[in-house]
Amino acid sequence: MRHVNIPIFIPHMGCPNMCVFCNQRSISGRMSFDISRVQNEIEEALSTTKSDDEIEIAYFGGSFTGIDRSLMISLLSLAQKYIDDGRVSSIRLSTRPDYIDEKILDIQLVDS
């Protein structure tokens, strides 16, 4: 079984710093984030995978738990639909440890 990350870049969103070693805009080639493109990016990536791949949607390039809560929940809900459909096995995200608290840990997605 092959592990596949589907990288979704949210460059510098939710992170208060602009560290010289972490220029996510340069690394990802993305200057901004557009949520309307995320589903297409996932679908495009899924079209290149095999049925026995272990697939993970990975939100990289910012501090995911520091972004606007409604955007965070929208992105989690989108990934959850792919998990529920059995097309993706998990979600990964980049975050700062000091941006995780009880309110973040208690997020529960509701069926839509």
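Any value given below was found using the heavy atoms of this structure, including those in side chains, with hydrogens, waters and symmetry copies removed.
Applying the 6.0 Å contact sphere to CD of Glu43 captures more than 12 heavy atoms from other residues, nucleotides or ligands.
Here NZ of Lys103 is found 12.5 Å from OG1 of Thr65. Values are rounded to the nearest 0.5 Å. To the nearest 0.5 Å, the span separating CD1 on Ile10 from CE on Met72 amounts to 9.5 Å. Here CD1 of Ile42 is found 11.0 Å from CD1 of Ile55. Values are rounded to the nearest 0.5 Å. We find the CZ-CD1 distance between Arg92 and Ile6 to be 12.5 Å, quoted to the nearest 0.5 Å. Atom CG of Leu93 sits about 5.5 Å away from atom CZ of Phe64, to the nearest 0.5 Å. Glu56 CD to His3 NE2: the interatomic distance, rounded to the nearest 0.5 Å, is 4.0 Å.
With respect to the salt-bridge test (charged N to carboxylate O, under 4.0 angstrom), the residues Asp98 and Arg96 qualify.
The two atoms that bring Glu41 and Ile8 nearest to each other are OE1-CD1, 3.5 Å, heavy atoms only. For the residue pair Ile104 and Tyr99, the shortest heavy atom distance occurs at CG1-O, 3.9 Å. When all heavy atoms of Ser63 and Thr95 are compared, the closest pair comes out as OG-OG1, 3.1 Å. Pairing each heavy atom of Leu46 with each of Arg87, the nearest pair is CD1-NH2, 3.4 Å.
Looking at Tyr82, its side chain never comes within 3.5 Å of a backbone N or O of Ile57 through a donor-acceptor pair.
In this structure, the side chain to side chain contact (heavy atoms under 4.5 Å, CB included) partners of Asp106, at least two apart in sequence or on a different chain, are Glu102. Every residue two or more places apart in sequence or in another chain that forms a side chain to side chain contact (heavy atoms under 4.5 Å, CB included) with Ile83 is listed here: Gln80, Val88, Ile91. Under the side chain to side chain donor-acceptor pair (under 3.5 Å) criterion, Ser47 pairs with no residue at all, not counting sequence neighbours.
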From CA spacing to verdict: side-chain contact (heavy atoms from CB on, under 4.5 Å), Val4, Glu54: CA-CA 6 Å; Val4 176; Glu54 180 185 349; over 6 Å; no
